[in-house]
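See below for the structure under consideration.
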Amino acid sequence: MPDKLSVAEARRAEAVGRDVVLQGWVRTRRDSKAGFSFIELNDGSSFGNIQVVAGAELEDYEAVVKRLSAGCSVSVEGLVKESPGKGQATEIQATRVVLHGTADVETYPLQKKRHSFEFLRTIAHLRPRTNTFGAIARVRNCVCNSIHGLFQEEGFLYVHTPVITASDCEGAGEMFQVTTLPLDNTPKQGPQVDFTQDFFDRPAFLTVSGQLEAETFACGLGKAYTFGPTFRAENSNTARHLAEFWMIEPEMAFCDLAGNMDLAERLLKRICGDVLTKCPEDMEFFNLRIDKTVIETLQQIVDVEFIRLPYTEAVEILKGCSEKFEFAVEWGVDLQSEHERYLTEKHFASPVIVYDYPRTIKPFYMRLNDDDRTVCAMDVLVPRVGEIVGGSQREERLDVLELRMCDQDLNPEDYWWYLDLRRFGTVPHAGFGLGLERVIQFITGMSNIRDVIPFPRTPGNAEF
Ligand code: ATP
Ligand code: MN
């Protein structure tokens, strides 16, 4: 009986001599004049295909092999042999080829020629079959595995925070409302919609962040993280924003800003290091076809110690440099992507963690510093993407937190449960948010965030 192998396994030299069955999709078929055919087969297990040599002596050579075209699904039985060809260790000498599904040459959209990413977005259900999207899917999988790996090894608890929430947590972004009220006949109380008749007896939304809920676990169980979908109804249509994206949010009790920076740096080093060792073929492809600097940049993340720079000094550097920015830099104003990129790409040529931001531009839950003007916030900046991580030490003092809420026109009563964490056994604690798709963009060099998530949700787009 032949062994069922993946293409990745069959491509290794150790597989030579084995009788195997491979199952996948045909990328191309070429016929030699000598009366046999070469089939390039891919099953998603690796970037590279395996070459199948199918001779005319095969039963069904005319009926099956000669009908194969890009996109056909097949099972191939045969012997793994050392390949005489360059760039491949092995090939398959087929003894049997079974066709499962044809793909009409006239109508199957993924024929040989390269398609634009824009076009591929219109066939998101077929793009996993392309080189680029296969590579992205494997890198994304590797990154998720590294994230869980690091947190689990370090004793973090994986918690599932709710997707539906009643608190407009932190004003992190525009929210999607969740309701079962009839839109054409909403119950009213005076001129206002009567949400006491809605499903949750109050307005409810899709979450913009799991942080506040993650804090409840950290402030009781020590170290926790969430890793789940997050929603922002921002009508921004940029290459860096999605309406639905995945966020990783660790939260640590008895931790300050320095400890928080250490974790962010360890996490990014782990993610990048793992991708370099576990997805070398995919990374070579990105480096060759998408961005000639991606491997070098990942290696740098792994090798160098991140620069740590107070916001005030960052502003001085930006004001003093000769670069022409679209937006002016002023103390008290948030850094724009162009400023972040200047710092990390040009001035330092290194990943940079900017910390101690003005209190006026950061949310209420960030810990107020003794200077009364800045908060214990930190953003990690990397080349090409700019901000990839945003985090802070949290305000653990009840009175200060209440004042900060009032400052920002929030009603402390709406956050009674969040304030309880400070009322009972409060501890210094810290955490951050890492956007998964921004990480994948950074690693792969893909310029549009819509191409690093399987089914992008953006204004006007939710077909697949
Ligand atoms: P930006 O200024 O880029 O909109 P933000 O300040 O709103 O980001 P946070 O609220 O701090 O971001 O969210 C934490 C992380 O989530 C960000 O560092 C980023 O990696 C990611 N992120 C935020 N908004 C989006 C979005 N719309 N699509 C994809 N990722 C996002
Ligand atoms: Mn935003």
Side-chain angles (χ1 to χ4, degrees), residues 140 143-144 147 161 165 167-176 205-212 214-215 225-251 260-261 263-265 267-268 271 311 327 333-341 344 351-355 357-358 360-366 375-394 408 430-444 446-462:
R140 193 176 159 110
V143 169
C144 295
I147 290 167
T161 51
T165 168
S167 56
D168 169 8
C169 308
E170 31 169 318
E174 293 295 307
M175 302 181 94
F176 288 100
F205 307 89
L206 294 180
T207 184
V208 292
S209 158
Q211 178 200 319
L212 304 192
E215 281 185 52
Y225 70 106
T226 74
F227 186 168
T230 332
F231 306 86
R232 298 194 185 172
E234 33 198 17
N235 204 344
S236 45
N237 256 317
T238 76
R240 301 163 58 243
H241 290 91
L242 292 161
E244 176 181 303
F245 63 100
W246 287 67
M247 188 136 72
I248 299 97
E249 294 176 283
E251 201 62 43
N260 206 22
M261 292 186 205
L263 178 68
E265 184 165 344
L267 181 61
L268 288 172
I271 290 170
Y311 166 88
F327 297 92
V333 179
D334 210 358
L335 301 183
Q336 297 288 327
S337 178
E338 56 174 342
H339 308 134
E340 297 173 341
R341 291 187 56 174
T344 171
V352 179
I353 309 181
V354 179
Y355 64 97
Y357 281 80
T360 47
I361 57 171
K362 291 291 183 185
F364 69 91
Y365 53 74
M366 298 192 174
V375 288
C376 275
M378 62 144 194
D379 281 0
V380 181
L381 315 180
V382 294
R384 283 197 313 276
V385 171
E387 178 195 328
I388 199 165
V389 165
S392 66
Q393 184 173 338
R394 317 307 189 188
Q408 303 199 350
F432 60 80
L434 171 66
L436 177 64
E437 287 74 19
R438 296 267 176 95
V439 176
I440 309 297
Q441 261 192 296
F442 171 66
I443 291 175
T444 60
M446 294 295 289
S447 52
N448 198 309
I449 199 166
R450 294 159 204 226
D451 297 328
V452 297
I453 187 165
F455 299 99
R457 299 287 178 257
T458 53
N461 292 301

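Counting convention: from 1, in listed order, for ligands and their atoms alike.
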Proximity of Thr230 to ligand 1 by residue part, where a heavy atom lies under 4.0 Å: neither
Sub-4.0 Å heavy-atom contact, Asp379 with ligand 1: no
Polar proximity ligand 1 side, Leu434 side, N/O cut 3.5 Å exclusive: no
Side chain Gln211, main chain Glu249, donor-acceptor under 3.5 Å: no
Ion pair check, Glu437 and Arg240, cut-off under 4.0 Å: no
Check: Phe327 main-chain N/O paired with His339 side-chain donor or acceptor under 3.5 Å: yes
Closest non-hydrogen atom pair between Lys362 and Tyr357, with its separation: CE-CG, 3.5 Å
Closest contact, heavy atoms only, Gly431 versus Asn260: O-ND2, 3.0 Å
For the student: nearest non-hydrogen atoms of Thr458 and Leu242, plus distance: CG2-CD2, 3.8 Å
Ligand 1 to Leu242 polar contact by distance, N or O atoms, under 3.5 Å: yes
Distance filter under 4.0 Å to Arg240 heavy atoms, resulting ligand 1 atoms: 3 (O), 28 (N), 29 (C)
Ile449 neighbourhood, listing ligand 1 atoms whose heavy-atom distance to it stays under 4.0 Å: 29 (C)
Heavy-atom proximity to atom 23 (C) of ligand 1, best of Arg232, Glu340, Glu387, Gln336: Arg232
Numbered atoms of ligand 1 (with element) below 4.0 Å of Glu234, judged on heavy atoms: 24 (N), 26 (C), 27 (N)
